[in-house]
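Have a look at the structure below before the remarks.
Each residue takes its place number in the sequence, starting with 1.
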Amino acid sequence: MDKSEVPAAHPPMANGPAMTTAQYLPEYTDHSSTQMATARDRIAGFAAGLASGATKLFVGHPFDTVKIRCQVEGGNGRFKGPLDCLISTVRKEGPRALYKGASIPLVGWAVMDAVQLGSLSNYRLFLQGSDKSHKLSHFEHGLAGLGAGWTVALVATPVEMIKMRLQMQYAVGAERKYRGPIDVARYLTRRYGVFGIWHGLPATMSQRSFFFFLWGSYDVYSEWLRSLRGSASFPYVVKSGSSRALGDRSLPEKLVNFLAGGMAANTFWTFCYPVDVVKNRYMTQGDDNPISFRKMFRHVYRSEGIPGFFRGFVPSFIRSFPTNASAIFVWESTVRLIKNDGKH
């Protein structure tokens, strides 16, 4: 039977309500609410990721330099803590030292975020069956994040390897071991072969696995923030439906993106920080007698105990909110602009 010939409702059964079209013809499915993904939907995440990566560099690199130095130096290093590291670095090497190794992330983070956020968008679409109207669960958002983390690890490993080697170079002038990013890449290739810049890929994939918590919690926080309404009394926001709510006005979507992005980043670093410490020490250790990634966990524990897994946590935790909140805000806003969409 042609769709146009199907009656709007079957005549009512005795002592019963009228049947809908879907009940009358079980094989008939209404696709009017389906929103199939377009090519623009699939590339928007990649393009917007470039803007997100540039934002991360500008906001977060000074914090990252302090974090890396505290992590790698450990408790027996030259710094008493994050603040001492910041002051000492600026005093001895100048403010520009906080952006050491930034030339690689300038390109690298832009590419990394393009790959991460572009693949994230496409993994989401895959889990949706290319139907944008299908709502994913929090767990499915986490799975998309996990896939994006493993994908971006292929790009992140060489970028982070080169960046950290430059950040951990305290010498200046002629005493420097590396003159710049290209010099680091040449050294690693000579030392470890053609895939030398990917030395540490398993460690990076382990750390990026925690993107499950980043993007899973981002969806949780976003959903919660969208449920809030304005209130006249402290804390000035209440759950939807509360008698204290001032109408039904929700938080602006851009504010939701910013706050959820920052909170999700804090959640991510809380879970993954010990693995990040071990990964960074593994990737920056001396090249003469290196130990495996697995043995590095044992080494950190034996030499410094549990506190050793949280060296540099404070600057990392502080950095994660403004850096990632800004980056995700820029990404979501740029995606909406590219797709000409009201909400991503």
* Is the CZ atom of Arg191 crowded by more than 12 outside heavy atoms at less than 6.0 Å? ->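 Atom CZ in Arg191 is packed in, count exceeds 12.
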Taking the side chain as every heavy atom from C-beta outward, state whether [X] and [Y] have any atom pair closer than 4.5 Å.
X	Y	answer
His138	Asp219	yes
Val275	Val278	no
Lys163	Met283	no
Leu214	Thr267	no
Lys254	Ser333	yes
Phe309	Phe297	yes
Phe63	Ser316	no
Met112	Val159	yes

Would the [X] and [Y] ring centres measure less than 6.0 Å apart?
X	Y	value
Phe271	Phe210	no
Phe268	Phe211	yes
Tyr221	Trp224	no

How many angstroms lie between [atom1] in [X] and [atom2] in [Y], if you round to the nearest 0.5 Å?
X	Y	atom1	atom2	result
Leu251	Arg229	CG	CZ	8.0 Å
Thr284	Lys279	OG1	NZ	9.0 Å
Leu143	Leu136	CG	CG	9.5 Å

[Y] and [X] side chains, donor-acceptor separation under 3.5 Å:
X	Y	value
Thr204	Thr157	yes
Ser130	Arg42	yes
Asn122	Ser119	no
Arg311	Asn280	no

* Glu253 and Arg226 ion-paired at < 4.0 Å ->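 Between Arg226 and Glu253 there is a salt bridge, with a charged N closer than 4.0 Å to a carboxylate O.
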Can any side-chain N or O of [X] pair as donor or acceptor with the backbone N or O of [Y] at less than 3.5 Å?
X	Y	result
Asp276	Cys272	no
Thr323	Ser320	no
Gln285	Tyr282	yes
Thr65	Leu98	yes

* Take Ile306 and Tyr301, measure what side chain to side chain contact (heavy atoms under 4.5 Å, CB included) needs, and give me the verdict at the end. => CA-CA 6 Å; Ile306 296 298; Tyr301 180 73; 3.9 Å; yes
Using the rule that two of Ile, Leu, Val, Met, Phe, Trp, Tyr join whenever any of their side-chain heavy atoms come within less than 4.5 Å, decide whether [X] and [Y] are in one cluster.
X	Y	answer
Ile43	Val111	no
Phe212	Val220	no
Val152	Leu50	no
Tyr123	Trp215	no
Met205	Trp269	yes

* From CA spacing to verdict: side chain to side chain contact (heavy atoms under 4.5 Å, CB included), Leu146, Ser209 -> CA-CA 5 Å; Leu146 175 64; Ser209 295; 3.9 Å; yes
* So Leu259 and Phe321, side chain to side chain contact (heavy atoms under 4.5 Å, CB included) or not? Walk me through it. -> CA-CA 8 Å; Leu259 294 176; Phe321 192 101; 4.3 Å; yes
* Under the side chain to side chain contact (heavy atoms under 4.5 Å, CB included) criterion, do Gln116 and Arg208 qualify, and how do the steps go? -> CA-CA 10 Å; Gln116 180 207 157; Arg208 289 303 197 279; over 6 Å; no
* Do the ring planes of Phe310 and Tyr273 sit parallel (below 30°), tilted (30 to 60°) or perpendicular (above 60°)? ->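 Phe310 vs Tyr273 ring planes: parallel.
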